[in-house]
Novice: 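Just dropping this structure here.
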Amino acid sequence: MTVNEVCRIDETRCVGCGVCATACPAEALVLTRRPEGEVDPPPANRRAWMTARAEKRGKSMGGIL
Ligand code: SF4
């Protein structure tokens, strides 16, 4: 997302892939590991991941999955 020509990360949509950090020519971003207590355990499978992502966004996957 760009606001006043400044890129901002929408943390509700970021999946932490790190592409922005490796692609930024100004090296304005770095990817850092979150503290141990803030790291969510990995989802059991793709369906669980999709459901959790939808819930964080206030959406429901009911009827889709
Ligand atoms: S880490 Fe990946 S998903 Fe998150 S803002 Fe950067 S490119 Fe987008």
Novice: Any chain of hydrophobic side-chain contacts (each under 4.5 Å) joining Val15 to Met50?
Specialist: yes
Novice: Atom CG in Leu29, atom SG in Cys20: separation rounded to 0.5 Å?
Specialist: 5.0 Å
Novice: Could you tell me whether the side chain of Thr22 reaches within less than 4.5 Å of the side chain of Leu31, counting heavy atoms only?
Specialist: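 Heavy-atom side-chain distance check fails, nothing below 4.5 Å.
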Novice: Would you say Trp49 ends up clustered with Met61 if hydrophobic residues are merged whenever their side chains have heavy atoms under 4.5 Å apart, either directly or through other cluster members?
Specialist: yes
Novice: Taking all heavy atoms of Ser60 and all of Gly62, pick out the closest pair and write down the distance.
Specialist: OG-N, 3.0 Å
Novice: May I ask you to decide whether Asp40 forms a salt bridge with Lys56, counting only side-chain N to carboxylate O separations under 4.0 Å?
Specialist: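 Yes.
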Novice: Can you establish whether the number of heavy atoms outside Arg57 located under 6.0 Å from its atom CZ is more than 12?
Specialist: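 It does: Arg57 CZ has more than 12 such atoms within range.
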